Amino acid sequence: MSSSSIAPRTVVVHPTRDLLHEAVASRLLLALADRLAASDRADIALTGGRDGNAILSALPAHPLNAIVDWSRVHLWWGDERFVPADDPDRNARQARDAWFGALVDSGQIPASHVHEMPADTRSASEIASATDADNDAVLAKAAADYQAEIERELGPDGVFDVAMFGIGPDGHFASLFPDHPEVLLNDPAVKAVGVNHSPKLPPLRVSLTVPFIHSCRAVWMIASTPGKADAVAAALAGAKTDGTGDPHVPSSFAAGAGQSLWLLDQDAHAKVNA
């Protein structure tokens, strides 16, 4: 995590939550069009939550939507709830319902370009009776499988063009939680990690790691509402130029190799430097 490996953090503040969502949708469509002008594909990591889903919902009717050749776009996730595939808590299920499902159904995005994180395929009784060791093992396999998919698609040194993340009121991002060991994992060879005992339900998660997030070309942190103001202020105060941060506020570690953007509404920005 050297200072040369990440871009300086830039904060952009929009007047309202609705304008934030519209602005991020515009920014994403332009970023994808720019990438596709220079490359045969674009790879983006989506985020869940109210902000993430609202941004995705804004894409179909956006006037810039037509500039993107969706057949060359690949969809990934920064983290996922490790639950059955049809569970409504899954970020991928929510994103499918909010946006990309219609693109897949119409043939605009090939189904093979949707790279969901693994789901829990165990039966309800197996899940209920699982020990910590059982869960650790199945999470480790899920993380390894997702890393293998990234490397099959993009090569061992491949990166995402844009990785979007929300910020929890506790300062977490992806599924990297305060004072949990995963946020301090510093091995660049490990791109994804299983997370057991998440303080936010459901308790089992899979997440990208900080080193892999740092390697992405652009990392966008998105937050709105007064409920995120303390977390945003703490994250920006704890962020260091070398990409490290405060393990009590994992989102302070968030940064990308070419661009590190914090995209906020005024309410989420209200306590920065206060």
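Here the structure is a predicted model, which means the values were calculated and not measured. In what follows, every heavy atom counts, from backbone to side chain, and hydrogens, waters and symmetry copies are set aside.
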When you check the side-chain N and O atoms of R96 and N91, is any donor under 3.5 Å from an acceptor?
no
Closest approach of A92 to E80 (non-hydrogen atoms, all atoms of both residues)
N-OE2, 2.9 Å
Contact between M221 and R9 at the side-chain level, heavy atoms closer than 4.5 Å - yes or no?
no
Can we call the ring centroids of W76 and F160 under 6.0 Å apart?
yes
Which distance, rounded to the nearest 0.5 Å, do you find between the CG of D265 and the CG of D18?
9.5 Å
Tell me if a side-chain donor or acceptor on S39 pairs with a main-chain N or O of L36 at a distance below 3.5 Å.
no
So which heavy atom on A33 is nearest to which on I67, and how close?
CB-CD1, 3.7 Å
Hey, any chance I222 and L28 share a hydrophobic cluster, counting ILVMFWY side chains that come within less than 4.5 Å of each other, even indirectly?
yes
Between W220 and F173, does the ring centroid distance fall short of 6.0 Å?
no
Under 3.5 Å donor-acceptor, Y146 side chain and V193 backbone
no
N-O pairing of K240 and D242 below 4.0 Å
no
So, does R90 use its side chain to make a donor-acceptor pair with the main chain of M117 at under 3.5 Å?
yes
Name of the residue among R205, R81, K200 meeting side-chain hydrogen bond (donor to acceptor under 3.5 Å, both in side chains) with S175
R205
Salt bridge or not for R17 and D267, using N-O below 4.0 Å?
no
Value rounded to 0.5 Å, distance of CG in N196 from CG in D136:
5.0 Å
Residue pair G49 / Q94: nearest heavy atoms and the distance that separates them:
N-OE1, 4.1 Å
Lys/Arg-Asp/Glu bridge criterion (N-O < 4.0 Å) met for E153, R41
yes
Please determine whether residues V138 and I127 belong to a single hydrophobic cluster, defined as Ile, Leu, Val, Met, Phe, Trp and Tyr linked transitively by side-chain heavy-atom distances below 4.5 Å.
no
Does D132, at its CG atom, have more than 12 non-hydrogen atoms belonging to other residues, nucleotides or ligands within less than 6.0 Å?
yes
Restricting to non-hydrogen atoms, name the atom on S112 and the atom on H115 that form the minimum distance, rounded to 0.1 Å.
O-CE1, 3.3 Å
Do L29 and H62 come close enough that some side-chain heavy atom pair is under 4.5 Å?
yes
Do S207 and E182 touch side chain to side chain, with heavy atoms closer than 4.5 Å?
no
Which distance, rounded to the nearest 0.5 Å, do you find between the CD1 of I213 and the CG of L176?
5.5 Å
For A144, does its backbone N or O pair with a side-chain atom of K191 as donor and acceptor, under 3.5 Å?
no
Of all heavy-atom pairs linking P118 and F82, the shortest is O-CD1, 3.6 Å
Can R72 and D69 be counted as an ion pair, charged N to O under 4.0 angstrom?
yes
Donor-acceptor contact below 3.5 Å, side chain S252 vs main chain D246:
yes
Could you state whether F253 and L236 fall into the same hydrophobic cluster, counting links through intermediate Ile, Leu, Val, Met, Phe, Trp or Tyr residues with side-chain heavy atoms under 4.5 angstrom apart?
yes
Salt-bridge test for R35 and D161: reply yes if a basic N is under 4.0 Å from a carboxylate O, no otherwise.
yes
Should V159 and L75 be regarded as members of a common hydrophobic cluster, given that ILVMFWY residues are connected when their side-chain heavy atoms come within less than 4.5 Å of each other, either directly or indirectly?
no
Can L19 be reached from V13 by stepping across I, L, V, M, F, W or Y side chains whose heavy atoms are under 4.5 Å apart?
no
Could you pull out the closest heavy-atom pair between V219 and G256, with the gap in Å?
CG2-CA, 3.5 Å
So, S198 side chain and L201 main chain: donor-acceptor pair closer than 3.5 Å or not?
no
